[in-house]
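For reference, the structure is listed below as structure tokens.
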Amino acid sequence: MAATSSSDESTRRILAAVRAIPPGQVAGYGEVAHRAGLPGRARLAARVLAGNGDPELPWHRVLRADGRIAFPEGSAGYREQCQRLRAEGVRVEGGRVKRQRGPRDLDEAVWGPDSGA
DNA sequence: GCGCTGACGCGAT
DNA sequence: CATCGCGCCAGCG
């Protein structure tokens with residue numbers, strides 16, 4: 001068998017982390033990368049999503065650390081991601097994703113109450 | 001072999 | 001809260 005390239009391995013892990021994101025919930029690129037065992041490789045996660053080929057991959061649940069859509073406003077990807085998130089019950093305002101639960105505890109509220117619990 | 005760009009992150013201003 | 005700059009790695013010309 002072909003040698004398991006670290007890059008492919010990392011890619012596989014990142015995709016798995018993205019698939020692990022439950023509906024109605026979102027995660028940041030850095031968060032996904034961290035879950036994949038690649039802390040600090042947020043850019044790599046983005047690269048993977050950009051080159052993915054899985055229609056079932058919930059890439060739309062992946063946003064920037066600020067909770068903002070990674071795509072430029074008005075872009076096709078932006079609209080699609082925004083629409084998909086709304087379809088899952090995610091509140092999107094001005095390209096910013098806000099959770100439905102209204103806890104103002106940033107530490108707990110940022111990316112999911114059960115994310116790290 | 002080299003430099004630029006990019007679905008990023010975080011600290012500082 | 002918005003903006004700027006630096007650091008990070010990987011693909012591409």
Side-chain angles (χ1 to χ4, degrees):
Chain A
M1 295 321 197
T4 345
S5 304
S6 306
S7 305
D8 290 343
E9 182 83 12
S10 305
T11 302
R12 192 181 83 85
R13 282 183 163 234
I14 290 167
L15 289 171
V18 175
R19 287 187 181 119
I21 305 172
Q25 180 130 89
V26 292
Y29 291 93
E31 194 66 27
V32 171
H34 185 78
R35 281 185 172 188
L38 306 164
R41 309 295 176 265
R43 248 175 157 143
L44 182 59
R47 191 100 197 126
V48 172
L49 294 186
N52 81 2
D54 194 330
E56 294 298 301
L57 184 73
W59 59 270
H60 57 267
R61 292 181 197 147
V62 188
L63 321 160
R64 292 206 350 193
D66 310 57
R68 265 194 161 157
I69 306 293
F71 292 98
E73 192 175 318
S75 217
Y78 170 87
R79 289 184 189 171
E80 181 153 344
Q81 183 164 17
C82 180
Q83 201 158 50
R84 282 193 174 195
L85 287 170
R86 285 182 175 178
E88 294 195 350
V90 180
R91 177 98 140 181
V92 185
E93 293 183 25
R96 228 178 289 172
V97 175
K98 198 86 168 163
R99 302 196 62 275
Q100 291 192 305
R101 318 218 174 158
R104 18 275 188 305
D105 302 85
L106 260 294
D107 295 289
E108 307 296 309
V110 186
W111 306 122
D114 70 305
S115 172

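Note on naming: letters A, B, ... go to the chains in the order of the sequence lines (proteins, then strands), and numbering restarts at 1 for each one. The figures here come from the full heavy-atom set of this structure, side chains too, leaving out hydrogens, waters and symmetry mates.
By the 4.5 Å heavy-atom criterion applied to side chains, A:S10 and A:R41 are not counted as neighbours. The side-chain heavy atoms of A:L44 and A:Y29, taken from C-beta on, include no pair separated by under 4.5 Å. In this structure the side chain of A:L63 never reaches within 4.5 angstrom of the side chain of A:R68, judged on heavy atoms.
The CG-P distance, from A:L38 to C:dG7, rounds to 22 Å in whole Å. Put simply, CD on A:E93 is 13 Å from P on C:dC1, counting in whole angstrom units. A straight line from CG of A:L49 to C1' of C:dG11 spans 15 Å, rounded to a whole angstrom. Summarising the geometry, the separation between CD on A:E73 and C1' on C:dA2 is reported as 15 Å, rounded to the nearest angstrom. Distance A:R47 CZ to C:dG11 P: 7 Å, rounded to the nearest Å.
Here the options are A:V62, A:I21, A:L85, the test is side-chain contact (heavy atoms from CB on, under 4.5 Å), and the partner is A:V26; only A:L85 passes.
The closest donor-acceptor contact from the side chain of A:R61 to the backbone of A:A27 lies at 3.5 Å or more, if one exists at all. No donor-acceptor pair under 3.5 Å is formed between the side chain of A:E88 and the backbone N or O of A:P23.
In this structure, A:R43 reaches the bases: a heavy-atom distance under 4.0 Å links it to at least one base atom across the strands shown. Note on A:G77: nothing from the nucleic acid sits closer than 4.0 angstrom, heavy atoms only.
When DNA chain B is scanned 5' to 3' for any atom under 4.0 Å from a heavy atom of chain A, the first and last hits are B:dG6 to B:dC10.
Between A:D54 and A:R19 there is a salt bridge, with a side-chain nitrogen of the basic residue lying less than 4.0 Å from a carboxylate oxygen of the acidic one.
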Handout entry: Derivation of the side-chain contact (heavy atoms from CB on, under 4.5 Å) call for A:W59 and A:E80
Key = CA-CA 11 Å; A:W59 59 270; A:E80 181 153 344; 4.0 Å; yes
Practice task
Both distances under 3.5 Å, Watson-Crick or G-U wobble: on that basis, could you give the dot-bracket string for DNA chain C, with [ ] for crossing pairs and | for other-strand partners?
Solution key: .||||||.|||||
